[in-house]
Protein chains: 2
Amino acid sequence: MDLELVLKEHGLRKTTFRKELLHAFYNSNSSLTADEVKTKVGESADRVTVYRALDAFEKKGLIHRVPDKNNLTRYALCQSKCSTDAHSHNHAHFICNGCDETYCIEDVEIPVVRNTKGFVIKKSKLTLEGNCPSCADS
Amino acid sequence: MDLELVLKEHGLRKTTFRKELLHAFYNSNSSLTADEVKTKVGESADRVTVYRALDAFEKKGLIHRVPDKNNLTRYALCQSKCSTDAHSHNHAHFICNGCDETYCIEDVEIPVVRNTKGFVIKKSKLTLEGNCPSCADS
DNA sequence: TATATATTTGCAACCAAGTTGCGTTAATAT
DNA sequence: ATATTAACGCAACTTGGTTGCAAATATATA
């Protein structure tokens, strides 16, 4: 995976920090919070830099927000071809009660829900909870 | 609805503020944040009092947390018989893109999802998005 | 390659949501 | 009527995130 090319294709400059940030996402099988990014990727980088990089990655369609157990803002890599301001996801998310991580789950069907009692339903989000493979025995 | 009795049955003291708080929940068809409580119920009450009352109500099984569009802590009245530290909900939630309100939706089926790829699934949450009856034309 | 332009970074300061400690007041139990 | 316990109010703090602005760095252009 050519990180520099990916950045370029999404209209982002290939700075040291952003290359490492993208690397971290490609090396994670789940998702990251701003705080996790700071400790894992760039302890030296300023908090603000982390937040702004995450914002930029999201806007350019590289990462998307996923639910978090503790209401933090948490991001995961986009699988499909998301482009600038045009995210297209339709997968479930799994929150582990053991490690508090959030995983994208591609092989679970999202139910299509009909409008009901005057509510016009445009989107359905399915969030699963339990224990992830690593925490399955807890 | 005898508010004082409800408080008593849930082991809560009938203070002026808590009676008004409970009243506000019974008079709301959706849900409330701490901030909304403060403006609608007790502008005079301290912020901390609001937070602690909401905590207490939740612990005693009177209200439950619902998802919020902006990651705030948002509460709605429990319909069924929830008791102290034993909430039992199994309904969907609807977030309105117009007014940012969250509604409990009782008549939508929550899918039962099988374990997959080592993930042990214990709970499924279904969150719907769109426009509520009042905002249906926006 | 030099220079102009645009993006990214770091710092400081700020904000909003929520929490904690503690002394005082008010509600229930005896 | 009084003791006990729960609830309240205040101040101070914490955490997650944002904004403004100047300095640094990356890309585009000459």
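Proteins come first, then strands; the chains are lettered A, B, ... in the order of their sequence lines, and each starts at number 1.
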Q) Do you know the tightest heavy-atom contact between A34(A) and Y51(A)? A) CB-CE2, 3.4 Å
Q: Would you mind telling me which residue lines up with the more 5' stretch of DNA chain C, T16(B) or L72(B), judged by nearest nucleotide?
A: L72(B)
Q) If you find the nucleotide of DNA chain D closest to G11(B) and the one closest to V48(B), which residue's nucleotide is nearer the 5' end? A) G11(B)
Q: Please state how far atom CG in D46(A) lies from atom P in dA24(D), giving the value in whole angstrom units.
A: 15 Å
Q) Tell me: CG of L32(B) to P of dG18(C), nearest whole Å? A) 13 Å
(Q) Heavy atoms from C-beta onward define the side chain here; which of dT9(C), dT7(C), dG18(C) lies closest to that of R13(A)? (A) dT7(C)
Q) Which nucleotide in the list dT9(C), dA12(D), dG16(D) gets nearest to the side chain of R47(B)? A) dA12(D)
**Q.** Interatomic distance, L7(B) CG vs dA26(C) P [rounded to whole Å]
**A.** 18 Å
Q | Length of the NZ-P vector between K14(B) and dC8(D), whole Å | A | 15 Å
Q) Under 4.0 Å: is that the gap between some side-chain N or O of T73(B) and OP1 or OP2 of dG18(C)? A) yes
Q) Between dT28(C), dC8(D), dA7(D), which one does the side chain of L12(B) approach most closely? A) dA7(D)
Q) Of all the choices, dT8(C), dC10(D), dC8(D), which nucleotide is nearest to the side chain of T15(A) once you look at every atom? A) dT8(C)
Q | Length of the line joining E43(B):CD and dG9(D):P, which is rounded to integer Å | A | 13 Å
Q. Rounded to whole angstroms, how far apart are CZ on R18(A) and P on dT27(D)?
A. 11 Å
Q: Rounded to the nearest angstrom, tell me the gap between atom CG in D55(B) and atom C1' in dC8(D).
A: 14 Å
Q.
Looking at E129(A) and K69(A), is there a salt bridge between them, counting it only when a charged N and a carboxylate O are closer than 4.0 Å?
A. no
Q: Give a yes or no on this: more than 12 heavy atoms of other residues, nucleotides or ligands lie within 6.0 Å of atom CD of E109(A).
A: no
(Q) Does a side-chain N or O of Y51(A) approach OP1 or OP2 of dG17(D) to a distance below 4.0 Å, or not? (A) yes
Q. Which whole-number value in Å describes the distance from F17(A) CZ to dA26(D) P?
A. 14 Å
**Q.** Of A56(B) and R52(A), the one whose closest DNA chain D nucleotide lies more 5'
**A.** A56(B)
Q: Please work out whether the ring planes of H64(B) and H93(B) are parallel, tilted or perpendicular, with thresholds of 30° and 60°.
A: tilted
Q) Taking the six-membered ring for Trp, is the centroid-to-centroid distance between Y75(A) and F57(A) below 6.0 Å? A) no
